[in-house]
Structure formats: structure tokens, C-alpha cells
Amino acid sequence: MTTTTKAQMSQDELKKLVGYKSVDDHVLSGMVVGLGTGSTAYFAVERLGQKLKSGELKDIVAIPTSERTREQAESLGIPLCTLNEKSKLDVAIDGADEVDPDLALVKGGGGALLREKMVEVMAKKFIVIVDESKLCDGLGPGFPLPVEITPFCWEHTLGKVAALPSLAGCEAKLRLGSAATGSAVDGTEPAVTDNGNYIVDLFFKSPIKSAPAAAQELKDTCGVVDHGLFCGMTTAVIIAGSDGISVKE
């Protein structure tokens with residue numbers, strides 16, 4: 001791990017620092033770039049827009065992972081396309097809700113997990129930007145694991161997911177209110193993703209024993225569209241800490 005020491009900064013300032021660093025260090029002219037979703041990825045999008053406007057970067061095309069990111073990118077004049085036009089990306093940049101020592105992730109607090117995974121799995125490099133509070137010894141207890149499911153017979157699917165052997169001991173709850181909050185208690189109607197699906201949040205008291213096994217069991221469950229476990233995808237994590245930034249590869 002390499003470390004850069006900085007003066008004490010606020011959380012937003014640190015998010016801005018890692019968001020800007022991800023673009024400065026990993027985006028070159030002519031690239032196809034995946035743009036993540038969330039409060040940290042927001043700053044990466046902002047930085048990309050700045051460098052395109054100044055002319056420091058040219059011939060960039062970006063693929064957003066949510067409607068919110070698409071709207072931000074369009075407002076900054078960033079040229080956009082979809083995976084239909086460009087299915088191979090040079091780099092994708094996004095945040096995460098949890099990062100374990102193997103750089104496996106929990107993502108989906110913002111409700112964009114399906115589009116994020118579809119875009120980021122196609123990138124040559126996947127750069128994750130987080131603050132140090134997202135680092136953990138094991139995935140699960142620190143943040144609920146989101147699972148995107150079809151609305152059709154959602155209660156049936158929720159029950160099937162909760163009973164998976166690799167997820168033993170979890171409590172499954174349908175996310176209510178806004179898909180972007182990561183909260184299961186902020187409304188009375190089911191949260192709906194950009195894809196028209198529901199999200200089930202899985203709460204754990206102890207770490208998931210095997211994230212790859214859980215990922216496979218979830219993917220094999222009929223009614224599950226995708227899940228927030230991102231295993232074996234991360235190239236590097238840029239971490240915002242109380243004393244500055246560090247990079248783990």
C-alpha cells in the first residue's frame with residue numbers, strides 16, 4: 001500500500017480528493033470510461049467534465065451506470081454512449097459500500113448495482129474510490145447486501161434468497177421508499193430501480209463466510225436479477241483517510 005499524507009480534511013473533501021485522483025491517474029484522451037453512481041463517484045464525473053472542458057482530455061466517451069449519473073454527465077457536456085455502442089471499456093470508476101482485504105466489494109446502496117456491474121465487468125481496469133470507513137475484515141455486517149429481484153412474486157424470491165446456505169443467518173428485507181437511499185425504512189412502497197425491479201437488503205451479524213460462493217448461489221436463484229457482491233473485479237482501491245489518501249492494489 002502506498003500512502004500520501006495530507007492535512008485533516010472533511011469527508012466531502014476526501015471524497016473529492018479520491019474522485020479527482022481517480023480521473024487524474026487513470027483517464028487518458030481517447031478512452032471509453034465507465035462512470036459510477038454515488039456521492040464519491042459524483043466527484044470523478046465532475047473532474048472528467050472539468051478536464052474535457054479545459055481541453056486537457058479529448059475524444060472521451062463515457063458510459064453512465066444510472067440515470068442520475070447520466071444527467072450529471074450530460075450537464076457537464078461529457079459525450080455518452082451505452083454498452084450497445086461500446087462494449088469494451090478502458091477504465092471504470094465507482095465507489096463501494098464495503099471493501100474486504102481481497103478487494104471484494106459490496107455495492108448497491110444507491111440502487112444502481114445491476115447497471116454498475118454490467119458496465120464495470122467490461123472494463124480493463126476497475127478503480128474503486130472510498131473513504132476508510134468502507135474498509136472491513138469481512139463483508140456483511142457493516143452494510144446490508146443488496147439483491148435486485150423481479151417484482152413478480154417478490155415475496156417468494158425473498159424467501160428463497162434468505163434460505164441460501166451461503167447466506168445462513170441473514171435477515172432479508174424489501175427496500176422501501178427510494179432505491180437510492182440504502183434504507184429499508186424510509187417509505188411504504190417498494191423501492192424501484194432504474195430497471196423497474198425491487199431490491200432486497202440482506203442484513204448480517206457476522207461476515208459472509210465466502211463471498212464468491214454467496215455470489216454464485218444468488219446468481220443461480222431464479223427471480224434474482226443480480227446482486228451487490230463484486231468479486232474478482234477490482235484493479236485498485238483509492239482510499240480517503242483522515243490523514244489523506246492511500247492506494248491498495
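The model shown is predicted, which means the values in this text are computed figures rather than measured ones. Values below: every heavy atom of this structure, side chains too, minus hydrogens, waters and symmetry copies.
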Worked verdict on Lys51 versus Asp24 for salt bridge (Lys or Arg N to Asp or Glu O under 4.0 Å): CA-CA 9 Å; Lys51 298 187 83 168; Asp24 292 345; 3.0 Å; yes
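- Annotation: side chain to side chain donor-acceptor pair (under 3.5 Å) contacts of Glu74 (sequence neighbours excluded): Arg70.
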Lys173/Asp201 under salt bridge (Lys or Arg N to Asp or Glu O under 4.0 Å): CA gap, chis, key distance, verdict: CA-CA 5 Å; Lys173 295 182 179 180; Asp201 288 311; over 6 Å; no
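- Here the closest non-hydrogen pair linking Leu28 and Ile60 is O-CD1, 3.2 Å.
- Thr235 and Lys124 make their closest contact through OG1-O, 4.2 Å (heavy atoms, listed as atom of the first residue, atom of the second, distance).
- More than 12 heavy atoms of other residues, nucleotides or ligands lie within 6.0 Å of CE in Met31, so this atom counts as buried by the packing criterion.
- Between the side chains of Ser10 and Asp12, no donor-acceptor pair of N or O atoms lies under 3.5 Å.
- Using modelled atom types and a 3.5 Å distance limit, the side chains of Ser75 and Gln72 yield no donor-acceptor pair.
- Chaining together hydrophobic side chains whose heavy atoms lie under 4.5 Å apart places Ile199 alongside Leu113.
- Counting heavy atoms from C-beta outward, Val27 and Asp90 have side chains that stay 4.5 Å or more apart.
- A salt bridge (charged side-chain N to carboxylate O under 4.0 Å, His left out) check over residues 140-160, counting only residues at least two apart or in different chains, returns nothing.
- Scanning all heavy atoms of the two residues, the minimum distance from Val200 to Ala172 falls at CG1-CB, 3.9 Å.
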